[in-house]
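Shown next, in structure tokens, is the structure this report addresses.
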2 protein chains.
Amino acid sequence: MTSSTVPIHPRKTPRQSRSRATCEAILQAAARILERGGGESLTTNLVAELAGVSIGSLYQYYPTKEAILAELIRQMRHEMHDDMVTAERQSAGQGLEQEVDALISATLRHHLRNPNLAKALEHIEDQLPMDAEIAQLKQNMAKLVVGALARYGINDPEATAFDLVAIGHGMSHAAIAAGQKDFDDLHRRIRRAVLGYLRQAPDS
Amino acid sequence: MTSSTVPIHPRKTPRQSRSRATCEAILQAAARILERGGGESLTTNLVAELAGVSIGSLYQYYPTKEAILAELIRQMRHEMHDDMVTAERQSAGQGLEQEVDALISATLRHHLRNPNLAKALEHIEDQLPMDAEIAQLKQNMAKLVVGALARYGINDPEATAFDLVAIGHGMSHAAIAAGQKDFDDLHRRIRRAVLGYLRQAPDS
DNA sequence: GCCTAATGCAAGCCTTTGCTCACATTATGA
DNA sequence: TCATAATGTGAGCAAAGGCTTGCATTAGGC
């Protein structure tokens, strides 16, 4: 086991607006590289160059390459989390189908925003040690789904939520990998899968 | 786009039993490395060392690192393909639920055999240009599912098969990532998802 | 204006790693 | 037995890439 722990937190927080811009440029450059070429093509030198920042500056704020990736993942998960909270607020009490619909829309939104980036980040995420902050966000999102299911009397809401999320992930992933662009259609198919799972008796 | 094509086919076929053993040792070593450390930790030098073979011998048979990985993927897909063909033969005409069951078992079998290796190879597979041979196997497997669905009068069997396979993939992936070991339970849950999808009307 | 802290710079160190090449050894067939 | 083809070897090349370090520049308070 060569599990040499790699630091994945920003080295220091920028105090002046100059450095805030630097950090922002670094993250945006990294995102653009991931978006176009996937995780393989991301190198710290390339990130710095594309950001219009020297490699030294990059390492002033991010101790490792992974720290940059972790920051992008944190941002993505925050957006997703907030989208889900909003969706849940707006659809609360409108019936199971409505809530399911709202949650599917929320989870699909970040794929819509930037499919390639989302795909690359998810790919990287399950290859990287999980951050406490990210773990917390994920747990919150899971609780949101569990809560919704519980309120409608679904049996074993934890396990059910786990499977429903897995179904949504799997279908999104496959659709994107196959180059499908029609997200409304994908939405309908995921709803069909989710509602079908819920209405199907646990044992055949 | 820097899609510099990398040769992924064996450089030459071994003629003597000596060299067949060498090739075999290389593949097994590569598999063991993937199984324990994922794609990141696989280097050609390490593969050669673990195989008890010199690095020169390795490159005599595999022109690139990717060629080794491609060969492993080919093997995995062949096993899966044969498992599905067998499952289909044995369950033919016994009813939709039986056939679904048999196909789920077949697709789960290779995860059962070596979950970590299967996960690593799938991970690598959708990051690598697809081999014609592998594409053919995948198409055959897809046709198998489509055929079964069609025989039971399922509407739009192609699209349905696509989604069902995605559902199975997603659930397996999530279960394995979460460290779930009970494959019988996983089987039941996938069956629930599949049958639920099939019985749910395409529009809510 | 000046001083300190913050920020920015980029040459290049150093490790990793894919891969070659010149040579050594072993099998095979006549 | 011997010639030839097949196979095996490993030092080390070359490129890639993560990261350090020593120095230059700029911002902001006094």
Side-chain angles (χ1 to χ4, degrees), chain A residues 2-30 33-34 37-72 124 127-128, chain B residues 2 4-30 33-34 37-72 124 127-129:
Chain A
T2 43
S3 69
S4 55
T5 309
V6 171
I8 57 170
H9 286 278
R11 186 166 262 162
K12 66 181 187 185
T13 45
R15 300 184 186 288
Q16 305 180 0
S17 64
R18 249 198 315 172
S19 48
R20 246 170 284 135
T22 298
C23 288
E24 195 48 43
I26 290 168
L27 292 179
Q28 283 184 6
I33 294 167
L34 287 181
E40 299 288 286
S41 58
L42 187 135
T43 71
T44 51
N45 289 288
L46 183 56
V47 170
E49 186 188 335
L50 221 98
V53 154
S54 83
I55 185 68
S57 295
L58 185 153
Y59 277 99
Q60 192 131 74
Y61 299 102
Y62 301 99
T64 62
K65 184 169 92 163
E66 284 71 27
I68 301 172
L69 296 171
E71 190 63 30
L72 284 177
I124 290 164
Q127 211 167 12
L128 216 61
Chain B
T2 44
S4 55
T5 308
V6 171
I8 57 171
H9 286 277
R11 186 165 262 162
K12 66 181 188 183
T13 45
R15 301 184 184 287
Q16 304 180 0
S17 65
R18 248 199 315 173
S19 49
R20 246 171 282 135
T22 298
C23 288
E24 196 47 45
I26 290 167
L27 292 178
Q28 283 185 6
I33 294 168
L34 287 181
E40 299 288 287
S41 58
L42 186 136
T43 70
T44 51
N45 288 288
L46 182 56
V47 170
E49 185 188 337
L50 220 97
V53 153
S54 84
I55 186 66
S57 294
L58 186 153
Y59 278 98
Q60 192 129 81
Y61 299 103
Y62 301 99
T64 62
K65 183 168 92 164
E66 284 71 26
I68 301 172
L69 296 171
E71 189 64 29
L72 284 176
I124 290 164
Q127 215 166 11
L128 216 61

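Values below: every heavy atom of this structure, side chains too, minus hydrogens, waters and symmetry copies.
- Between B:Lys65 atom NZ and C:dT16 atom P the separation is 15 Å, expressed in whole Å.
- Direction of the helix axis in the helix from C:dG1-D:dC30 to C:dA30-D:dT1 shifts by 10° between the two five-pair termini, rounded to 10°.
- Close to C:dC19, at under 4.0 Å from its OP1 or OP2, lies no side-chain N or O of B:Thr44.
- If you check residues 48-61 of chain A against DNA chain D, the residues with a heavy atom closer than 4.0 Å are A:Ile55, A:Tyr59, listed by number.
- In this structure, B:Leu58 and B:Val53 approach most closely via the heavy-atom pair N-CG1, 4.1 Å.
- Here the closest heavy-atom approach between residue B:Ala25 and residue B:Ala51 is recorded as O-CB, 3.5 Å.
- Going from atom CG of B:Leu42 over to atom P of C:dT16 covers 16 Å, rounded to whole Å.
- In plain terms, the two heavy atoms of B:Leu46 and B:Ser41 that are nearest each other are CD2-O, 3.6 Å.
- The stretch residues 22-30 of chain A touches DNA chain C through A:Thr22, each having a heavy atom under 4.0 angstrom from the strand.
- As a whole-Å value, the separation of B:Ile68 CD1 from C:dC19 C1' is 11 Å.
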I'd like to know whether B:Thr44 forms a side-chain contact (heavy atoms from CB on, under 4.5 Å) with B:Tyr62, so could you lay out the CA-CA distance, the side-chain angles of the two residues, the decisive distance to 0.1 Å, and finally the verdict. CA-CA 10 Å; B:Thr44 51; B:Tyr62 301 99; over 6 Å; no
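- Counting only residues at least two apart or on different chains, the salt bridge (Lys or Arg N to Asp or Glu O under 4.0 Å) pairs with a member in residues 49-72 of chain A are A:Glu71-A:Arg74.
- Close approach of DNA chain D to chain B, defined as any atom under 4.0 Å from a non-hydrogen atom of the protein, starts and stops at D:dA6 to D:dA11.
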Distances under 3.5 Å only, N/O to N/O: pair up the protein atoms with those of nucleotides 22-28 of chain C.
none

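- B:Ile124 has its side chain out of reach of B:Leu42: every pair of non-hydrogen atoms, C-beta onward, lies at least 4.5 Å apart.
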